[in-house]
Amino acid sequence: MDKITPAECALFSKYICEVSGISVDPAKAYLFETRLGGLLKELRISSYEALHGRARADATRKLEQQIIDRIATNETLFFRDEKPFELLRHKILPDLIDKRAPRCRGGLPIPIRIWSAACATGQEIYSIAIVLKELLPDLKQYNIRLLATDISGKAIARASSGRFNQFEMGRGLPKDMQQKYFTLQGGDWQINDEIRAMVAFRKLNLLHPFAGLGKFDIILLRNVAIYFNIETRKKVFQKICGVLENDGYLIIGSTESLTSICPDMVPRRYLKSIFYQPQNGSGV
Ligand SMILES: C[S@@+](CC[C@H](N)C(=O)[O-])C[C@H]1O[C@@H](n2cnc3c(N)ncnc32)[C@H](O)[C@@H]1O
């Protein structure tokens, strides 16, 4: 494998942070080598410095995307950490429906807008779609909008396919849900059409403007801010607050906290879970 020099590590660390917000310690030479070495070979580029130069010069940003796809950690699983999904099922969704129902008299469907803002390969948003289907058997009474976005085009393509291998299926998904919502096709498992059709997938970099996204009742931004520095975390969460309804709900990763990052959001506890709501919003 081609060796990366400390100067090249510094170049990539800066570049990756600029384009994605992801902080990679320049001392982690092995990380750059294992994740970008293959790209160097594939494109027959002679050095990491040349790869960096080419990426910066590439107006199509195709190379930038290829680098991000390799650097981003897409680790995820169905019903990750379990508690957020219990929280959705037993607290957030029932409360939200109670709040929205009085505004929808005359048979208007009740709107439920949920955004999984760094969805990786889709297990998070499909877990939510399954929770909705289990909780609300008559989905027609609701105007459900599930959006799942990620910076990685590769991850989004996989998420959108709704296809998972045996290993992925064995991580977090109860067997009865596997039987109910997936079918075996050529060795992989395909999520059923009804669940797949509930979700819109889109590539979106959290550093870029959120123009045109609209507002959400529930946003999940889990296990991504840990890769950002404090300044980037603050900026991203501030933007997230801007697209959350003022009585909406924000769920972050189980090891993450918004203390000193986003004073506009107040933590609320339910059983052993925490969710956040806007400070000046109309609350729970
Ligand atoms: C570890 S996964 C978390 C997936 C899921 N939220 C979960 O908790 O299981 C982190 C995801 O964040 C995405 N990501 C990293 N930087 C991003 C950015 N600037 N904008 C959008 N997504 C980003 C990565 O591509 C990756 O898929």
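Each ligand, and each atom within it, is numbered from 1 in the order the structure gives. Every heavy atom of this structure was used, including side-chain atoms; hydrogens, water molecules and symmetry mates were not.
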query = Do we see a donor-acceptor contact under 3.5 Å between the side chains of Lys203 and Gln65?
reply = yes
task = Go through the steps to decide whether Val131 and Leu93 satisfy the test side-chain contact (heavy atoms from CB on, under 4.5 Å), and finish with yes or no.
result = CA-CA 10 Å; Val131 167; Leu93 287 165; 4.0 Å; yes
Mind listing the N or O contacts between ligand 1 and protein, cut-off under 3.5 Å?
from, atom 1, to, atom 2, distance (Å)
ligand 1, 6 (N), Ala118, O, 2.8
ligand 1, 6 (N), Glu124, OE1, 3.2
ligand 1, 6 (N), Arg222, O, 3.0
ligand 1, 8 (O), Arg80, NH1, 3.2
ligand 1, 8 (O), Arg222, O, 3.3
ligand 1, 8 (O), Asn223, ND2, 2.7
ligand 1, 9 (O), Thr76, OG1, 2.6
ligand 1, 9 (O), Arg80, NH1, 2.8
ligand 1, 19 (N), Ser20, O, 2.7
ligand 1, 19 (N), Asn205, OD1, 3.0
ligand 1, 20 (N), Leu206, N, 2.9
ligand 1, 22 (N), Ile151, N, 3.2
ligand 1, 25 (O), Asn74, ND2, 3.2
ligand 1, 25 (O), Asp150, OD1, 2.6
ligand 1, 27 (O), Asn74, ND2, 2.9
ligand 1, 27 (O), Asp150, OD1, 3.4
ligand 1, 27 (O), Asp150, OD2, 2.7

Sequence-distant partners of Arg233, salt bridge (Lys or Arg N to Asp or Glu O under 4.0 Å), two or more places apart = none
query = Going by an N to O cut-off under 4.0 Å, is there a salt bridge joining Glu124 and Arg222?
reply = yes
message = With a 6.0 Å cut-off (strictly less than), is the heavy-atom count around CD of Glu64, excluding the residue itself, greater than 12?
response = yes
query = Are a donor atom and an acceptor atom from the side chains of Asp81 and Ser254 found within less than 3.5 Å of each other?
reply = yes
